[in-house]
Protein chains: 2
Amino acid sequence: MPDRRTERHEQTREEILTAAWGLARGQGVTGWTLREVAQAVGMRAPSLYVYFASKDAIYDAMFAQGYRELAARLAAMPELDDPVDRLRAGARMFLDFVVEDIARHQLLFLPVVPGFEPSSGSYAVAEQVLEELRSVLLEAGIDGQSSLDLYTALISGLATQQVSNEPGGTRWIGLVDQALDMYLASELPASDARHR
Amino acid sequence: MPDRRTERHEQTREEILTAAWGLARGQGVTGWTLREVAQAVGMRAPSLYVYFASKDAIYDAMFAQGYRELAARLAAMPELDDPVDRLRAGARMFLDFVVEDIARHQLLFLPVVPGFEPSSGSYAVAEQVLEELRSVLLEAGIDGQSSLDLYTALISGLATQQVSNEPGGTRWIGLVDQALDMYLASELPASDARHR
DNA sequence: GTCTATAAATGGATAGAC
DNA sequence: GTCTATCCATTTATAGAC
């Protein structure tokens with residue numbers, strides 16, 4: 001039952017989030033204010049409260065939006081037959097996703113916004129993405145919590161080093177194949193880890 | 001030439017930094033104010049400016065102090081004959097160091113304080129620690145920028161996952177031996193990577 | 001739905017008396 | 001060196017007119 005009213009409302013919410021993302025990218029995740037967001041969408045700050053209950057609510061919507069985008073890219077990936085190829089392609093996609101937006105990386109993966117905790121609804125989106133990763137690993141024959149945790153540490157470690165020490169560069173994310181060779185040689189039950 | 005005057009001055013600076021660390025641990029790296037620090041040391045906020053030129057100057061001193069502490073722990077490590085043993089011990093030390101203080105981890109290793117850049121002097125301390133790591137790897141027979149970068153990504157990845165997703169736990173940092181086995185099997189030129 | 005006006009608070013930082 | 005007083009900017013958020 002999305003009548004015109006609620007449709008327009010949702011559209012304005014999107015505009016606000018887009019403006020917030022733009023400011024977050026330019027000035028850091030926590031470096032923007034409601035006034036600035038309002039100005040960017042042609043409003044005054046108080047009007048934002050029609051669309052979001054608080055600044056944290058905006059953060060929460062951004063968090064969910066970020067994970068939905070990640071899920072979408074996961075879903076849009078080419079269907080590769082070899083599960084190991086899928087794992088490699090997924091890792092590259094993830095690293096591209098992370099380094100293209102430092103603010104998003106911090107909001108989604110690091111506890112940098114004081115006091116912000118994603119709502120259960122937003123957190124569910126994040127969980128879903130992790131669940132997909134688990135199944136890709138499983139299809140590749142890699143099972144168990146510790147193997148999954150080692151994988152997330154390795155790949156997210158590349159990402160975090162990259163954006164923390166050389167934003168915009170490729171010094172760490174360029175090591176993804178080397179990292180995956182290392183990981184697969186160790187975690188893959190049987191033979192051929194090498195596919196490029 | 002440290003007369004009583006400057007000695008006392010330095011002592012007060014230390015007190016201020018200790019108070020700032022305490023607040024940062026309790027309320028997040030960016031979650032404390034000059035007023036709170038001042039109160040913690042029995043002063044009013046303006047008096048802090050006798051000891052530090054700005055809040056960023058306090059961050060800078062904390063940054064240098066954090067890395068000096070890390071360097072000190074590095075220096076205090078038992079002298080193990082096997083370079084691979086030294087590497088393993090160093091990794092465990094580093095992970096303990098990181099997880100015992102989330103605020104310090106964020107300040108030293110992640111770009112979470114908007115606008116803060118360490119001064120060249122403070123940055124030099126950080127560089128020195130990294131240089132030590134480079135030499136430990138080299139003694140183990142591991143050379144080259146990419147091997148070093150892969151190592152930092154792997155170990156810091158474990159640390160960051162731990163403090164971001166399960167602060168206080170051991171789910172990721174407990175994988176350090178598994179991670180090092182994996183790393184050494186891949187990067188060590190010759191045979192035995194396994195020592196425990 | 002958007003505005004003006006403003007609350008109510010907080011922030012870092014400075015001036016100048018003591 | 002420490003204080004009071006205060007500046008000045010800024011913040012999130014609310015009340016109520018239009």
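Side chains are part of it too, since the values below use all heavy atoms of this structure and drop only hydrogens, waters and symmetry mates. In the text below, chain A, chain B and the rest are named by the order of the sequence lines, each starting its count at 1.
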Contacts under 3.5 angstrom, residues 38-48 of chain B side chains, donor-acceptor by atom type, not counting sequence neighbours:
none

Side chains of B/W32 and B/L34: does their closest heavy-atom pair fall under 4.5 Å? yes
Checking A/Q162 against A/E166: is there a side-chain donor and acceptor pair closer than 3.5 Å? yes
Could you tell me how far apart B/W32 (CH2) and C/dG11 (P) are, to the nearest whole angstrom? 11 Å
B/Q39 has an atom CD; how far is it from atom C1' of C/dT10, in whole Å? 15 Å
For the residue pair A/E36 and A/G31, what are the closest heavy atoms and their distance? OE1-O, 4.1 Å
Within residues 43-58 of chain A, which residues have any heavy atom lying less than 4.0 Å from an atom of DNA chain D? A/P46, A/Y49, A/S54, A/K55
Any side-chain heavy-atom pair from B/M62 and B/I58 closer than 4.5 angstrom? yes
Rounded to the nearest angstrom, tell me the gap between atom OH in A/Y59 and atom P in D/dT11. 11 Å
Whole angstrom value for the distance that separates P of D/dA13 from CD of A/E36: 15 Å
Near-strand residues of residues 16-29 of chain A, defined as heavy-atom separation under 4.0 angstrom from DNA chain D: none
Whole-Å distance between C/dT4 P and A/R35 CZ? 12 Å
If I take atom CZ in residue B/R13 and atom P in nucleotide D/dT2, what distance separates them, rounded to the nearest angstrom? 14 Å
Can you classify the ring geometry of A/F116 versus A/Y59 as parallel (below 30°), tilted (30 to 60°) or perpendicular (above 60°)? tilted
Could A/R73 and A/E100 be called an ion pair, given the rule that one side-chain N must be under 4.0 Å from one carboxylate O? yes
